[in-house]
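Written below as structure tokens is the structure these notes are about.
Since the structure is predicted, the reported quantities are computational estimates derived from the model, not experimental observations. Here is the naming used below: chain letters follow the sequence lines, and residue numbers restart at 1 for every chain.
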2 protein chains.
Amino acid sequence: MTIRDETVPTPASPLRLAEVAARAGVSESTVSRVLRNIGPIAETTRAAVLKAAEELGYVPNRLAGALASTGSALVGVVVPSLDNIVFAEVLRGVTEKLEEAGLQAVIGVTGYDLAREERIVSALLAWRPRGIVIAGIDHTPRVRDLLAANGTAVVEMMDIDGSEPALGRRVGLSHGAAGAAMAAHLVARGHRRFGYVGHDISRDIRARKRLDGFAAELARRGGDLVARQMVPGPSSVSAGRAGLAALLAAQPDLDAVYFSNDDMAVGGYFHCEANGIRMPDDLAIAGFNGLDIGQELPRRLTTVRSPRYRIGQLAAEQILTRQDAAGPASPATIDVGFELIAGETA
Amino acid sequence: MTIRDETVPTPASPLRLAEVAARAGVSESTVSRVLRNIGPIAETTRAAVLKAAEELGYVPNRLAGALASTGSALVGVVVPSLDNIVFAEVLRGVTEKLEEAGLQAVIGVTGYDLAREERIVSALLAWRPRGIVIAGIDHTPRVRDLLAANGTAVVEMMDIDGSEPALGRRVGLSHGAAGAAMAAHLVARGHRRFGYVGHDISRDIRARKRLDGFAAELARRGGDLVARQMVPGPSSVSAGRAGLAALLAAQPDLDAVYFSNDDMAVGGYFHCEANGIRMPDDLAIAGFNGLDIGQELPRRLTTVRSPRYRIGQLAAEQILTRQDAAGPASPATIDVGFELIAGETA
DNA sequence: CTGTTAGCGCATTCAA
DNA sequence: TTGAATGCGCTAACAG
């Protein structure tokens, strides 16, 4: 007989509260109270219940628990992509914060597809989650209705600039301002003739907002956005590399190139390195996100850091602190800001 | 009156089946059947129900549904980390496959912490999920008991080599073999004196298995593993860069360095580049994972590609096809294999 | 401090 | 083809 045999034989189906109650010699409600640390319980009773539950390997059925009480310990999280590290970090922030509170994340990945977002939000709502954390503030009317209707706490994250009325609290940064800040920085560095290399910004709305902010600020400061190169599909290092090659083929006389994000910019960096283009003298390169990889390049990438992990944490926190009792409401919008990293490529 | 006002006014609390039934003038059971496409329904009835549900914006309560029937449409997914792109890609594969089948992923991130894994698995089981997808095959006895007991479908992914009895199906690759393959490749390239730069492999068991396989094969082929440098904490580009610097300071006369993964190896690459160390002539560099970034470097990284997205998809598929009816059982273990990428750094 | 009684919203018998 | 009854496993009053 091995040590592992000491554990209880595997039951065919999950145990119920009743079986724990029977073994402990108390009622179901008592077991329920003990397990949830509610109300006054005699120490002996508590010990007996805990012992029985432990010995049987009881795992409570939260489906039933959530149905009987109100709201599940589930939080829906909707992100557009898991292709790069950005939303994985957001997710990490969310799950860590939720875990502290005993909540769990049900995730949905939209692929920047609005129709899919509708299906996903609806499916998430079906679990009657404590809240929904969703990336972005631009949604279809159907998504807006769903989210507004079900009395669920909603947190929109990543983005805070737009004219749409908020569906709930917001945690993020102004992508327009981030683009503008980079434009100001690059002009201050002496650059005048600009190019842009982007991925599919018809789907990635925040990338478009950065470009818009960048272009507007450039115009204001006397810079010229003389060429744009869009690469179909999602952002990637290879897309950035190919994009810059194409851009320079069409427009060789540029001072600086702004990329839709760091993945793209790192690709541009590699293109320069492989082709003897010196940064920033021959060409300045700038991105967005502040990924680690960009800061470990032999020449540190000029970029804007977005506090992704923190956004995830704060978003989860907003669900947790949803006006439990009285007390002042937390602000409707949390601007986490951003940090311009001067780097060495611009 | 704007267009958005055409939609139904937002109800305070979520609707129930009964309210749809009332509006459609049928019973709850009929609505339930229509919504799940079950049994014979008169076309007129179906239309009426669908219309009512649509107009009211009804979202079914899956908690109740799952409780009344058996098993939820939830699948627990346990990953060790979301620090790098690897598990984000696995997650993408899992969620995409699950979405096709109308299932959803509840995620747990262990941080390579076994105690946390226990809590997470238990919490996931509380939702009576259709199945659990978990990274790795090395778990504590408690986790093994939990997973074995509750009659849940289990898929262990990423790793297939170990002597532990399987908890369910397995989808992954042999990390020992991957390490050995790289050792063979590097020796064939003429390298003899080897170094290793790793992160915390006491927690990252698969990284350790690769190192073990690498070292064993090296011994067999006449190579020498003369120095190891471990960097505390998780893998990262900066850790790899610092690790290689430290390794070379202690042991300058190496032919080649094997890194615990691509993030680390890219860091090593940057160290070489910044210090005028030519790859592979002065020093060969090799990693594991086959990340895009490594293949976009000016000199393509020598590495082993792991089919992460595919592993995620297959893992989800294993949950879906869990012996529904008769038919032959799918194999207990799926070896997805790996691909050695010769690259240009070794 | 503890037990008993009612549902939570739905899927599933069984009748009709 | 449809409706009425029963219970999934638990929490929440309410007694005691």
Query - Distance-only donor-acceptor test (3.5 Å): side chain B:Thr45, base D:dT2 - result: no

Query raised in the report: Closer than 4.0 Å, any side-chain N/O of B:Tyr58 to the OP1 or OP2 of C:dC10?
Result: yes

Query - side-chain N/O B:Ser29 vs D:dT2 OP1/OP2, d < 4.0 Å - result: no

**Report entry** A:Ala68 vs B:Ser69, nearer the 5' end of DNA chain D by closest nucleotide
**Finding:** B:Ser69

Report task. By nearest nucleotide on DNA chain D, pick out whichever of B:Arg128 and B:Ile41 is the more 5' one. Result -> B:Ile41

Query raised in the report: So what does B:Leu67 touch, heavy atoms closer than 4.0 Å: a base, only the sugar-phosphate, or nothing?
Result: base

Report task. Looking at every strand, decide which applies to B:Arg33 at a 4.0 Å heavy-atom threshold: base, sugar-phosphate, or nothing. Result -> base

Report summary line: The residue, B:Arg36 or B:Leu63, whose nearest nucleotide of DNA chain C is more 5′ is B:Leu63

Query raised in the report: Cut-off 3.5 Å, side chains only: do A:Glu117 and A:Thr140 have a donor facing an acceptor?
Result: no

Query raised in the report: So, A:Ser29 versus A:Arg33: side-chain donor-acceptor pair below 3.5 Å or not?
Result: no

Query raised in the report: Charged N to carboxylate O under 4.0 angstrom, B:Arg116 versus A:Glu99?
Result: yes

Query raised in the report: Under a 4.5 Å cut-off applied to non-hydrogen side-chain atoms, are A:Leu15 and A:Val59 in contact?
Result: no

Requested in this report: Could you check how far CD of B:Glu28 sits from P of C:dG9, rounded to whole Å?
Outcome: 10 Å

